[in-house]
Amino acid sequence: MVMGLVMAISLCVLLIDESPSQIRGWSARDFHYIKAPDYFWATLPLIHPPNFIRPLPNTNPVSYPNVQFHFTQETRDARIVREERQRAVKEVFTRCWSAYKQHAWLSDELAPVSGNRKNPFGGWAATLVDSLDTLWIMDMRGAEFDEAVTAAATIDFTLTDMGEINVFETNIRYLGGFLAAFDLSGDIRLLRKAVEVGEMLYHAFDTPNHMPVTRWDIHGAMRGEPQVAGTPLLAEIGSFTVEFTRLSQLTGNPKWFDASQRIMDQMAAQQNSTALPGLWPLAVDAGGMVFNSGSTFTLGAMADSAYEYLPKMSALIGGQLDIYQKMYEQAIEAALTHNLFRPMTPTNEDILIAGQVRMRSNGDSVISQLEPQGQHLVCFLGGLVALASKLFNRYDDMTIATKLVDGCVWTYKVFPHGIMPETFLMKPCASNDNCRWDDASWEEEVEAMAEANNEDATPDEIIAQRRLPRGFTAIPDKRYILRPEAIESVFVLYRTTGREDLVESAWDMFQAINRSTATQLANSAVLDITLPSDQMPPPSDSMESFWMGETLKYLYLIFSEPERISLDEFVFNTEAHPLRRLKG
Ligand SMILES: *[C@@H]1O[C@H](CO)[C@@H](O)[C@H](O)[C@H]1NC(C)=O
Ligand SMILES: *[C@@H]1O[C@H](CO)[C@@H](O)[C@H](O)[C@H]1NC(C)=O
């Protein structure tokens, strides 16, 4: 094995000498040597080997319309401002990166207040892997990137202290992180790590029906114990396609594509027979392959990336399979009708929020009931609708995308620290077309919401105690945990429309976030962003890897020249890792 590795390494040195564009042009067949033949997960026998592996599609990619707005040359003054902002974001990243290196190197996370380490993702250096492509994108490509890749190459995916591995998180953070860093840099060590993660995750699919175990007893799998798929959340089972397909494209081994496609077959077949046709319920039964039983429907938490990956797969594979566009269009049409609502606001904003729907029987019929909840997480949707609007020529959807993104930006603005909370409720307008602010009906709703929670107080008391901005009826979760989704959508809408006010909003959001979350060492999630602006929100000593992997990357890219990670060349996975699109 040692010999094999030495040979492989010397081969890569030869190959990496080429320019990235040449690397890109290589056929996947050239990568056969990256396989380490003795790697544990690659040699562990499967209990249920599939009797057929579907090949990657080999049809020509279709030529999709350009996603990015046609930006004109910027003025010198505009460039100066932009580059100052870009530097400011990089400064915050560099500070966090140094703190991680100093205090938590090779652990999953730095605890940004205490300086301790945390290992909630297998202990495989989640922050390091999630940050690799950010280092590259922020031009920290020399010694800094190389040191990070060298360290990442030492991660051992056959060792962990954790009893249960979250397969979804491992896929989006680790596999996505390695694939994107490889797609950008062409450093073969990164593809080799991606294969190691891929070989490991493939064993989570080793069940009688080939559906994955998403909360995975990794040690049982190592001992070769039989396993069956359970009842995962929709997002956890529906978000493998993008990473698995990219891994198959790069290695020439279709087994990962095949594994993720088996899930998509089930989702496609059952999409029309759910209680809300077009959408899938929040939780599914993977063991029984039932994807159409359940009454709660949302594009937010626990479901989100299953929808996100439909148009993103189209972008990744250049439309080689048209099923993804069909599934997306059916989903978004159902969501438009049932989930999206216009909230009543004091300034009569023309915005949309994506809520949650419960289907319940009412005599012989089934009726849909909207829970007008907004979430920071669901802010990804505006950007996604904008992307799909361009790809699939769905012109009218750009209006929807705009209203969704404007809704997230507005929500940031109306809170005292300039940051949106994790979750909130608002009063929906009677109709999306026509809505007038009305104090009395807002207060009634506040009171009704409180009564539902058995609280006895006047609306004025509740509004004061809960610090509810006008229009909000409850704030169940007051935290901000350094999430990216609002900024992500601002970035995508900016790149697709060129709307300059979005850049100003992003700058305000960045400053607001840094102001409220900076610690002595880095940045921390905070517990209550509804506090008055002169009181610092208390930190919770947590900095998840998506802060450096996603939030700061999207911010940096908003203040970059538009060609940097162009949406016409790359598609982002749900952890903000850009993967190269197949183009016609
Ligand atoms: C971010 O906050 C830290 C701590 O307050 C501060 O030192 C730094 O200058 C801020 N950075 C920017 C770019 O605002
Ligand atoms: C689902 O319903 C839509 C709209 O009625 C239809 O266009 C589509 O073909 C159906 N899909 C399947 C798989 O039956």
Side-chain angles (χ1 to χ4, degrees), residues 74 77-104 109-116 127 130-131 133-140 144 376 408-409 412-413 415-421 478-488 490-491 494 500-561 564-565 576:
E74 67 188 333
D77 288 352
R79 196 189 76 225
I80 290 168
V81 173
R82 182 176 63 67
E83 288 180 348
E84 255 168 40
R85 292 171 171 181
Q86 193 189 36
R87 263 195 303 278
V89 176
K90 183 170 173 177
E91 217 174 87
V92 171
F93 176 86
T94 310
R95 192 165 168 268
C96 294
W97 178 245
S98 308
Y100 170 70
K101 273 170 74 173
Q102 193 181 341
H103 299 277
E109 292 169 10
L110 164 73
V113 178
S114 59
N116 293 335
T127 294
D130 245 358
S131 302
D133 54 5
T134 313
L135 289 168
W136 183 268
I137 288 167
M138 292 190 180
D139 285 328
M140 297 161 82
E144 196 72 63
H376 194 289
C408 295
V409 170
Y412 263 68
K413 287 203 174 108
F415 278 87
H417 290 269
I419 306 176
M420 171 196 293
K478 302 181 163 73
R479 296 174 302 154
Y480 171 66
I481 66 167
L482 304 174
R483 279 191 190 288
E485 294 79 13
I487 286 156
E488 167 184 344
V490 169
F491 162 72
Y494 175 59
E500 288 297 331
D501 65 296
L502 292 166
V503 180
E504 299 308 313
S505 296
W507 179 240
D508 291 344
M509 290 156 91
F510 166 66
Q511 288 177 295
I513 292 170
N514 189 51
R515 201 182 306 123
S516 299
T517 64
T519 67
Q520 290 288 329
L521 293 173
N523 293 76
S524 174
V526 293
L527 294 170
D528 186 355
I529 53 78
T530 70
L531 289 170
S533 57
D534 58 359
Q535 289 177 39
M536 272 292 276
S540 61
D541 203 15
S542 162
M543 182 175 79
E544 283 212 46
S545 63
F546 51 64
W547 169 241
M548 285 192 279
E550 300 191 65
T551 314
L552 291 174
K553 180 191 288 152
Y554 282 128
L555 279 165
Y556 185 85
L557 287 173
I558 292 172
F559 306 126
S560 296
E561 61 286 14
R564 191 171 294 230
I565 314 293

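Counting starts at 1 for both ligands and their atoms, in listed order. Residues: numbered from 1 along the sequence shown.
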Not counting sequence neighbours, which residues clear salt bridge (charged side-chain N to carboxylate O under 4.0 Å, His left out) with Asp130? List them please. none
Charged N to carboxylate O under 4.0 angstrom, Lys553 versus Glu550? no
For Arg85, give me all partners under salt bridge (charged side-chain N to carboxylate O under 4.0 Å, His left out), at least two apart in sequence or on another chain. Glu504
Which word best sums up how the rings of Tyr480 and His376 line up, parallel for under 30°, tilted for 30 to 60°, or perpendicular for over 60°? tilted
Write 'none' if nothing qualifies; otherwise put on separate lines each N/O atom of ligand 1 with a protein N/O atom under 3.5 Å away and their distance to 0.1 Å.
residue, atom, partner, partner atom, Å
ligand 1, 2 (O), Asn514, OD1, 3.3
ligand 1, 2 (O), Asn514, ND2, 2.4
ligand 1, 11 (N), Asn514, ND2, 2.8
ligand 1, 14 (O), Asn514, ND2, 3.3

Test of understanding: with salt bridge (charged side-chain N to carboxylate O under 4.0 Å, His left out), list the residues that count as partners of Glu84, not counting sequence neighbours. none
Tightest non-hydrogen contact, residues Pro421 and Ile529, listed as N-CD1, 3.6 Å
